[in-house]
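Lettering of chains follows the sequences in order, A, B, ..., and the numbering in each one begins at 1. All values reported here derive from a predicted model rather than from experimental measurement.
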Amino acid sequence: MSVSVQAEDFDVGAEMAALTSGRADIGALVSFTGLVREMAGGNEMVLEHYPGMTEKALEAIEAEARGRWELQDCRIIHRYGPLEAGAQIVFVLTASPHRQAAFEAAEFIMDFLKSRAPFWKKEAGGGWVDAREADEAALGRWC
Amino acid sequence: MSVSVQAEDFDVGAEMAALTSGRADIGALVSFTGLVREMAGGNEMVLEHYPGMTEKALEAIEAEARGRWELQDCRIIHRYGPLEAGAQIVFVLTASPHRQAAFEAAEFIMDFLKSRAPFWKKEAGGGWVDAREADEAALGRWC
Amino acid sequence: MQVLYFAWLRERVGLPREEVETSAATVAELVEELKARGERYAVAFKDMAAVRVAVDQELTELGASIKGAREVAFFPPMTGG
Amino acid sequence: MQVLYFAWLRERVGLPREEVETSAATVAELVEELKARGERYAVAFKDMAAVRVAVDQELTELGASIKGAREVAFFPPMTGG
């Protein structure tokens, strides 16, 4: 199981080392780390999620990526709860013999996760972050 | 200066932490790590390079990426010398407010670096690794 | 059946989840029943273009059947990542 | 002018760099002069489709001028990353 939904922070170096440890068949490792950007209305946000469905949704996205690309391994971590500006929110790591597969799979996972995993962002000012049309549109290229 | 050409290994976690430290304006961080895959003819290879030109070529690739995408920072590390199977060869890190810019810039840098930075791989068996047509073709999509 | 609400749907309805007895066959019919419960529900479900639904933790459409479902969740478009 | 060789060009020529006195105006003319130096050079430069060149550390073409150049380097297609 390589999907984690957690309140705690994560260590990208340790995650990458754990994935490559003891093997020499991986050629390309791509990571995406999403960070909380400083906001106009205060520097904290809260990520609400749907326990149970979140894990299922991320596992389904990972399975879809593994079906589409030659992946040797894959890791997805998504945090929830209160997060300050600068904090890590999400981490996606893909390993493949080939760089293009690793890049595309990581982009695919991020594109689906943005609009299909049940998370909702609320800014410190009290407003819920609106879904971006650009995020929905980004799914189009994978269909 | 964010380009390093070195014989020593590098620490991806430390590189990422150094780039994001003390700032909260980055939204997306994409890393690519290239690793030596185990080879048929022995598990060591040697990377030869052209000191002086290598640094210039990598800096030119980085400058081109910064001109094309909204990058807040960028880091390129490339090793040379003897490298064992499983070892890290190359590292590219891009930071942007937006994930698509960070992904595309990292892919662009890797595509150019593969065919335009003066490195040559020699396998333990004594044979020089041939350039791949797929690598040359990969440049086409950026032109 | 458990009905769950997230984000501003939770805030507008005023609770995160509730047990609902229903004979509705589809999500859309369930929404009509809920809207009839009072002002808070009517406000929450006013703009259904902004509401997403999951039946037993699978994203689906308003026309989907809820026969035999254990859990129906309503929430705004997702904003993860 | 310094002439540099890398990878199998270095191995075939038998040295990594040398000082060359030349009146060649272009890379192509320089290659012809070098090939005339002997068998090792002739073998190294036999298939020019497999040879890349940099003048003063900038990638360029065989037709490029080398007037005033300090450094001309020959090498196979690059295989970094």
Legend entry - Heavy-atom contact with chain A under 4.5 Å, split by part of B:Ala138: side chain
Inset, instruction - Please confirm whether the backbone N or O of B:Trp69 pairs with a side-chain atom of B:Glu104, one donor and one acceptor, at under 3.5 Å? - result: no
Inset, instruction - Go through A:Ala106, A:Gly34, A:Ala14, A:Ala102 and name the one with the most non-hydrogen pairs under 4.5 angstrom from chain B. - result: A:Ala106
Inset, instruction - Would you mind checking which part of B:Met16 comes under 4.5 Å of any heavy atom in chain A, side chain (CB onward), backbone (N, CA, C, O), both or neither? - result: side chain
Inset, instruction - Tell me, out of A:Gln100, A:Glu15, A:Glu38, A:Lys114, who's got the most heavy-atom pairs with chain B below 4.5 Å. - result: A:Glu38
Legend entry - Engaged part of B:Val90 at the chain A interface, taking heavy atoms whose separation is under 4.5 Å: neither
Legend entry - Flag for B:Ser31-B:Arg75: side-chain donor and acceptor within less than 3.5 Å: no
Inset, instruction - Using modelled atom types only, decide if a donor and an acceptor are shared between the side chain of B:Arg99 and the backbone of A:Phe32 within a distance under 3.5 Å. - result: no
Legend entry - Any B:His78 side-chain heavy atom under 4.5 Å of B:His49 side chain: no
Inset, instruction - Quick one: which of A:Ala24, A:Gly13, A:Ala85 has the most heavy-atom pairs under 4.5 Å with chain B, could you say? - result: A:Ala24
Legend entry - Greatest number of heavy atom pairs closer than 4.5 Å to chain B - which of A:Gly86, A:Gly27, A:Ala28, A:Ala134: A:Gly27
Inset, instruction - Hey, could you give me the CE/CZ distance between B:Met53 and B:Phe119, rounded to the nearest 0.5 Å? - result: 10.5 Å
Inset, instruction - Give a yes or no on whether the backbone of B:Gly52 and the side-chain of B:Glu55 come within a donor-acceptor separation of less than 3.5 Å. - result: yes
Inset, instruction - Determine the option with the most heavy-atom pairs under 4.5 angstrom with chain B, choosing from A:Asn43, A:Ile26, A:Asp11, A:Val12. - result: A:Ile26
